[in-house]
Amino acid sequence: MARRRVAYRKQNQNKFAMVLVTLVLLMLIVVVNIRKSELKEKQAAYIARQEELQRKIEDEEARAEEIEEYEKYTQTQKYIEDMAKEKLGLVYEDEIVFKTEGE
């Protein structure tokens, strides 16, 4: 009879240990899933930020091209003539300038 009690206690201890291990595993699964969802949210935010930064890079590259084209334009004779006409009011000798009443 003493042997039966010892075997019965060990069987109960084994059941308790299995329940405890199962609970620990379930808790680990829950924690891992929560972290997984947090990491997915972060990843989505990083992807959106990366796309935004890529768009800004493309915009700045386009702007740099425009500046380069403007720099080339400023070194032409046409630019010099346009600025002389606009800023200084200069005209060619054979040119006729018409002004409206508001000017």
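Separating the CG atom in Asn33 from the NZ atom in Lys36 is a distance of 6.0 Å, to the nearest 0.5 Å. We find the CG-CG distance between Leu25 and Leu20 to be 10.0 Å, quoted to the nearest 0.5 Å. Put simply, CD on Glu61 and CD1 on Ile57 are 7.0 Å apart, with the number rounded to the nearest 0.5 Å. Considering CE of Met18 and CG of Leu23, their distance stands at 11.5 Å, rounded to 0.5 Å. To the nearest 0.5 Å, the span separating OG1 on Thr74 from CD on Glu69 amounts to 11.0 Å. A distance of 5.0 Å separates CD in Glu38 from CZ in Arg35, rounded to the nearest 0.5 Å.
In terms of hydrophobic clustering, with Ile, Leu, Val, Met, Phe, Trp and Tyr side chains grouped at heavy-atom distances under 4.5 Å, Tyr70 and Met83 are assigned to a common cluster.
Here Tyr79 pairs with Tyr73 under the ring pair (Phe, Tyr, Trp, His ring centres under 6.0 Å) rule; sequence neighbours left out.
With contacts defined as side-chain heavy-atom distances shorter than 4.5 Å, the pair Ile67/Arg63 qualifies. Considering only heavy atoms from C-beta on, Glu95 comes within 4.5 Å of Lys85 through its side chain.
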Intermediate values then yes/no, side chain to side chain contact (heavy atoms under 4.5 Å, CB included), Lys78 and Asp82: CA-CA 6 Å; Lys78 174 139 177 61; Asp82 290 343; 3.5 Å; yes
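Remark: Glu60 does not engage Lys56 in a salt bridge, criterion side-chain N to carboxylate O under 4.0 Å.
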